[in-house]
Amino acid sequence: MMNNIVVLGAGVSGLTTAYLLSQDPSNKITVLAKHMPGDYDIEYASPWAGANYMPVGKEGSAHHKWELNTWPALKEIAEKYPEAGIHFRGTLIYNRKKDQETDTGKWFSELTQPNPWYKDVVPDFKSIPSDQLAPGVDNGQEFTSVCINTAVYLPWLVGQCLKNGAVFKRAVLKHIADAANAHHTGERADVVINCTGLSSKTLGGVVDDKMYPARGQIVVVRNDPGPMISTSGTDDGEDEALYIMTRAAGGGTILGGSYQKHNWSGIPDMNLANRIMKRCIDICPSLVKEGQGIEGLDIIRHGVGLRPLREGGTRIEKDKVDGVAIVHNYGHGGFGYQASFGCAYSAVSLVKEILQNKSRAKL
Ligand code: FAD
């Protein structure tokens, strides 16, 4: 029996879910979205991400499980499919206890603690000896992570789905139930997967008040400093961040950032951009030539994305709206890539439950 499935949303959440579902030839999949890879828009978080794997889920939580389950998939893609635009990269993490109560410090509290769960997941995890830490840094660690060139990786996911027979269509929906009538066969979909990110706040039939943005501003430069670096916070503001990551396959280096909750502005703030560039050079002088300041940075673009955060955490659950079976997979905040496969595995198992019930009903 064939299954008609509509995935609403073509960010990393929708594309990863569609990719997994498309591996089963009995699934006929339509991916429906307002924005597709190649677009840059404030309503589309995925292209703006770094993106790397820096786990932040609290030990024992569902979030922990999603990130844990994602590492093997990203590692395999990095090893086997260079055309996907993911590479391994050395990573340095610095923690200052004084950042503990700030928005940025809380976001990174699992990442920066000295004995995190992910030490047994990522390769080469080591604590940095305290005599090698800069003044003011209380602990630090290094490991090998991945960095994803989103401009290559998102189209790669589209390509995998197309190869497996999925169909992509542009559409702007007012109501989630309308997706059931948009399957490319013209037949009604058996299940709709909601991967609309921050737009789940306003999408009819969902209207999730728990969604809110955490604004992330970045500068993309041509300079390549070497390892990825991230800190627990900065002295420039409680919602400002400091991270550096060089993307695979000539994707440039992302200098970040910020974590500005409830701020919807899509316009880069040039004062913030200057602070970002200055503190990245302070922590990593090899970003520029000796003696240079921010004039030594070769800027490709300034950018802003909105991380789709949800009070109470990511929503992965079954729902029924106007008689349409829905599986939600949205609200991935600043961890949509590093939890992408783990979340998609959970969403796919809910889809399978719905499809099994459908088969039983037809027997
Ligand atoms: P989105 O990418 O926003 O996609 C939503 C999709 O739904 C789009 O296709 C949109 O067009 C579609 N849609 C919405 N409403 C409708 C509608 N009504 N009708 C039709 N289509 C609709 N994560 C990491 O794991 N690692 C990182 O290093 C990292 N760095 C980040 C840095 C920045 C600056 C930012 C902003 C984010 C970062 N993230 C990172 C987080 C990550 O980018 C997000 O968690 C992820 O992109 C969310 O993906 P999504 O597919 O859920 O949503």
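Atoms within a ligand are numbered from 1 in the order they appear, just like the ligands themselves. Along the sequence shown, the residues carry numbers beginning at 1.
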Query raised in the report: Which residue pairs satisfy the salt bridge (charged side-chain N to carboxylate O under 4.0 Å, His left out) criterion with at least one member in residues 201-225, sequence neighbours excluded?
Result: Arg89-Asp224, Asp208-Arg310, Arg222-Asp298

Requested in this report: Scan for salt bridge (charged side-chain N to carboxylate O under 4.0 Å, His left out) pairs involving residues 30-45, sequence neighbours excluded, and state none if there are none.
Outcome: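 Matches after skipping sequence neighbours: Lys34-Glu43, Asp39-Arg170.
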
Requested in this report: Report the residues that fulfil salt bridge (Lys or Arg N to Asp or Glu O under 4.0 Å) with Asp282, sequence neighbours left out, ordered by chain and then residue number.
Outcome: Lys278

Query raised in the report: Regarding Ser13 and His332, is there a side-chain donor-to-acceptor distance under 3.5 Å anywhere?
Result: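 There is such a pair (donor and acceptor under 3.5 Å, judged by atom type) between the side chains of Ser13 and His332.
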
Query raised in the report: In terms of side-chain heavy atoms, does Tyr259 have a donor or acceptor partner in Glu238 at a distance below 3.5 Å?
Result: no

Report task. Could you please provide the protein residues found below 4.0 Å of ligand 1 on a heavy-atom basis, arranged by chain and number? Result ->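 These residues qualify: Leu8, Gly9, Ala10, Gly11, Val12, Ser13, Ala33, Lys34, His35, Glu43, Tyr44, Ala45, Ser46, Trp48, Ala49, Gly50, Ala51, Asn52, Ala171, Val172, Leu173, Cys195, Thr196, Gly197, Ser199, Leu203, Gly216, Ile218, Tyr243, Met245, Gly305, Leu306, Arg307, Pro308, His332, Gly333, Gly334, Phe335, Gly336, Tyr337, Gln338.
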
Query raised in the report: Is it true that Arg315 and Asp319 have a side-chain N and a carboxylate O under 4.0 angstrom from each other?
Result: yes

